[in-house]
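Read the structure below first, then the notes.
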Amino acid sequence: NYAISFITAMRVVIGVMEAVLITRVFCEFKVVRRDTAPFQFLLQVSEPLLNQCRILLKQSKENKLKFDISPFVVLIILYLLDTLLKNFLR
């Protein structure tokens, strides 16, 4: 069935994005140099999602936050989307 294959593929992509975001946050806390190839890969993969989230957060809040919460917001959205897709498979 194509629908089941598509949902499974989407769940795999969501899982990979969650892993990329968690790895990126961990690397930033561990102060990994930004000019390394692995970190540049993490930036290239995660920035499109994070930038969209930052734009939405700026529009909804006037005060600047002391740190970037966009990775956490994106992780929550990905988790909710994955849960929704998992429920479609039942």
Side-chain angles (χ1 to χ4, degrees):
N1 189 335
Y2 292 114
I4 292 173
S5 298
F6 177 75
I7 290 172
T8 303
M10 289 302 297
R11 291 191 65 217
V12 169
V13 170
I14 289 170
V16 169
M17 284 306 300
E18 288 173 340
V20 165
L21 287 169
I22 291 169
T23 305
R24 178 184 169 159
V25 169
F26 179 74
C27 288
E28 291 206 13
F29 280 127
K30 286 300 219 176
V31 192
V32 173
R33 290 181 34 204
R34 288 181 162 255
D35 59 351
T36 61
F39 195 80
Q40 287 297 313
F41 171 76
L42 292 173
L43 286 175
Q44 289 175 352
V45 171
S46 61
E47 272 306 306
L49 279 176
L50 295 177
N51 279 336
Q52 294 302 314
C53 184
R54 287 183 192 118
I55 290 169
L56 292 173
L57 289 173
K58 279 184 184 178
Q59 289 176 354
S60 64
K61 297 197 180 205
E62 294 178 10
N63 298 338
K64 271 211 159 187
L65 299 172
K66 293 183 182 191
F67 61 94
D68 186 14
I69 64 166
S70 60
F72 304 108
V73 173
V74 171
L75 279 171
I76 291 169
I77 292 169
L78 288 174
Y79 172 78
L80 293 173
L81 186 58
D82 185 51
T83 303
L84 180 69
L85 290 172
K86 186 173 24 175
N87 287 335
F88 275 124
L89 288 178
R90 290 186 190 180

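Keep in mind it's a predicted model, so treat the numbers as computed, not measured.
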Can you give each donor-acceptor pair under 3.5 Å made by side-chain atoms of residues 38-47, sequence neighbours left out, with the distance rounded to 0.1 Å?
residue: Gln40; atom: NE2; partner: Arg34; partner atom: O; Å: 2.4
residue: Ser46; atom: OG; partner: Arg24; partner atom: NH1; Å: 2.8
residue: Ser46; atom: OG; partner: Leu42; partner atom: O; Å: 2.6
residue: Glu47; atom: OE1; partner: Asn51; partner atom: ND2; Å: 3.4
residue: Glu47; atom: OE1; partner: Arg54; partner atom: NH1; Å: 2.9
residue: Glu47; atom: OE2; partner: Arg24; partner atom: NH1; Å: 2.6
residue: Glu47; atom: OE2; partner: Arg24; partner atom: NH2; Å: 2.7

Self-check item: Nearest non-hydrogen partners of Leu85 and Ile7, listed with the distance
Solution: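 Minimum heavy-atom contact is O-CG2, 3.5 Å.
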Practice problem: Kindly write out the residues that satisfy side-chain contact (heavy atoms from CB on, under 4.5 Å) with Phe26, not counting sequence neighbours, or none if the list is empty. | Solution: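 With neighbours one apart ignored, the set is Lys30.
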Quiz prompt | Partners passing side-chain contact (heavy atoms from CB on, under 4.5 Å) against Ile4 (at least two apart in sequence or in another chain) | solution =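 Checked Ile4 against side-chain contact (heavy atoms from CB on, under 4.5 Å); matches are Asn1, Thr8, Leu89.
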Quiz item: Can you find a heavy atom in the side chain of Leu21 that is under 4.5 Å from one in the side chain of Leu78?
Solution: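 Yes; the side chains approach each other to less than 4.5 Å.
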Establish whether [X] and [Y] are linked, either directly or via other cluster members, by ILVMFWY side-chain heavy-atom contacts under 4.5 Å.
X     : Y     : result
Val73 : Leu75 : no
Val16 : Leu50 : yes
Met17 : Ile69 : no
Tyr79 : Met10 : no
Leu49 : Leu81 : yes

Practice problem: Nearest 0.5 Å please: distance from the CZ atom of Arg11 over to the OG1 atom of Thr83. | Solution: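 That separation rounds to 8.0 Å.
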Quiz item: Out of curiosity, Ile77 CD1 to Glu18 CD, how far, rounded to the nearest 0.5 Å?
Solution: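 Answer rounded to 0.5 Å: 11.5 Å.
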